Amino acid sequence: MTTAIIGTGGLGSVIARHLASGGETLRLSSADQESAQTLAAKIGPAAVVAVDNRDALQGADAVVLALRFGVLKSVIDEIAGPLADRFVVVPSNPVGLDAQGNVIRLLPEGQSSGEVVAGWLPAGTRLAMAFGTLRAELFESSSHRSPEPAVLFYVTDDDRAGQEVERLIRTAGFEPVKVGGVEQSSRLEVGGDLHDLVVGPAQARSLIGGS
Ligand SMILES: NC(=O)c1ccc[n+]([C@@H]2O[C@H](COP(=O)([O-])OP(=O)(O)OC[C@H]3O[C@@H](n4cnc5c(N)ncnc54)[C@H](OP(=O)(O)O)[C@@H]3O)[C@@H](O)[C@H]2O)c1
């Protein structure tokens, strides 16, 4: 199957390489296309560089928006037409830097990024917040863990999106575990209790129930 990955930076490139290793074909797009081209050259024939963000969605079964939270809405607005009725994965953590360079949360306390992103998407889009729960190095080192696979947590309000994201998570070499609906996304993000945790399925399930 084919996944569009918009954003081929630190996280998008790791997701792309692991999906391609699992047999997914990819359509890549980035701001100036240079990083998408470099990544496609590393991956080989399984990855093609799209002309632009809208073109990346051509024929894609899934769309991963591996973008910083601050540019997410503008890209969603740019691709809103072809995005409607698609399955979308958002790994973005709602964090940025303040004037002193400190990491700050970009949303008010208590507001989940999943609900905010869901409100930006066109009607009919199936959203899963996933693939942003581990920093890129941990994602890289935990994929295809043996003998017990490592878990990638996700949230969604949509059963079909749940099946679709589980397929992608397994393709990337992880075991999927659902935490809840998109209002639960704060648990997955930087500062959340499930962020940067490398655990197997049994521990993951006990953690979900534990808070
Ligand atoms: N890096 C991690 O370890 C990590 C882990 C978990 C979650 N996350 C989350 O993942 C998201 C991406 O993080 P990152 O570290 O990968 O950021 P990054 O390295 O800055 O990469 C961002 C990518 O977005 C692209 N981009 C920016 N504006 C765009 C536009 N208008 N259209 C298309 N592409 C655009 C950039 O293109 P260019 O390459 O052309 O500049 C770049 O490829 C963030 O929200 C972060 O919170 C990151």
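Below, all heavy atoms of this structure are taken into account, side chains as well, without hydrogens, waters or symmetry copies. Note that the coordinates shown come from a computational prediction; the quantities given were computed from them, not determined experimentally. All ligand and atom numbering here is 1-based and tracks the order in the structure.
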Counting each atom of ligand 1 from 1 as listed, which ones have a heavy atom of [X] under 4.0 Å away?
X	result
Phe69	45 (O)
Pro91	7 (C), 9 (C)
Gly7	23 (C), 24 (O), 25 (C), 43 (O)
Ser92	45 (O)
Arg135	3 (O), 5 (C)
Ala136	2 (C), 3 (O)
Ser35	38 (P), 39 (O), 40 (O), 43 (O)

message = Check Arg126 with Asp85, please: is the shortest side-chain N to carboxylate O separation under 4.0 Å?
response =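 Salt bridge: no.
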
In the protein, what heavy atom is nearest to [atom], and what distance, to one decimal place, separates them?
atom	value
atom 32 (N) of ligand 1	Asn53 ND2, 2.9 Å
atom 28 (N) of ligand 1	Ala31 CB, 3.9 Å
atom 47 (O) of ligand 1	Asn93 N, 3.1 Å
atom 15 (O) of ligand 1	Leu11 N, 4.0 Å
atom 31 (N) of ligand 1	Val75 CG2, 3.5 Å
atom 26 (N) of ligand 1	Leu67 CD2, 3.6 Å
atom 17 (O) of ligand 1	Arg68 NE, 3.5 Å
atom 42 (C) of ligand 1	Gly9 N, 3.8 Å

Next item on the list: Name the orientation class of the two ring planes belonging to Trp120 and Phe69 (parallel below 30°, tilted from 30 to 60°, perpendicular beyond 60°).
Entry: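 If you compare the ring of Trp120 with that of Phe69, the planes turn out tilted.
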
For a quick check under 3.5 Å, do [X] and [Y] share a side-chain donor-acceptor pair by atom type?
X	Y	result
Gln203	Ser206	no
Glu24	Thr171	no
Ser13	Thr8	no

Please report the closest heavy-atom contact between [X] and [Y], naming both atoms and the distance.
X	Y	value
Ser112	Ser185	CB-OG, 3.5 Å
Thr2	Gly59	CB-O, 3.8 Å
Leu28	Ala47	CD1-CB, 4.0 Å
Leu207	Leu197	CD1-CD1, 3.6 Å
Ala204	Val177	CB-CG2, 4.2 Å

Of the backbone atoms (N, CA, C, O) and the side-chain heavy atoms from C-beta on, which set of [X] has a member under 4.0 Å from an atom of ligand 1: side chain, backbone, both, or neither?
X	result
Ala66	backbone
Leu134	backbone
Ile6	side chain

>> What I'd like to find out is whether the side chain of Val155 reaches to under 4.5 Å of the side chain of Lys178, using heavy atoms alone.
In response: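 No. Closest side-chain heavy atoms not under 4.5 Å.
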
message = Contact between Val64 and Phe131 at the side-chain level, heavy atoms closer than 4.5 Å - yes or no?
response =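 The answer is no; the side chains never approach within 4.5 Å.
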
Taken to the nearest 0.5 Å, the spacing of Leu194 CG from Gln184 CD works out to 9.0 Å

What do you reckon, does Phe131 have a nitrogen or oxygen under 3.5 Å from a nitrogen or oxygen of ligand 1?
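No, no N or O pair falls under 3.5 Å.
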
Quick check: Glu78 and ligand 1, any N/O pair under 3.5 Å apart?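 N/O-N/O distance below 3.5 Å does not exist for this pair.
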
Ranking Ile79, Asp32, Val14, Thr8 by closest non-hydrogen atom to atom 40 (O) of ligand 1, top hit is Asp32

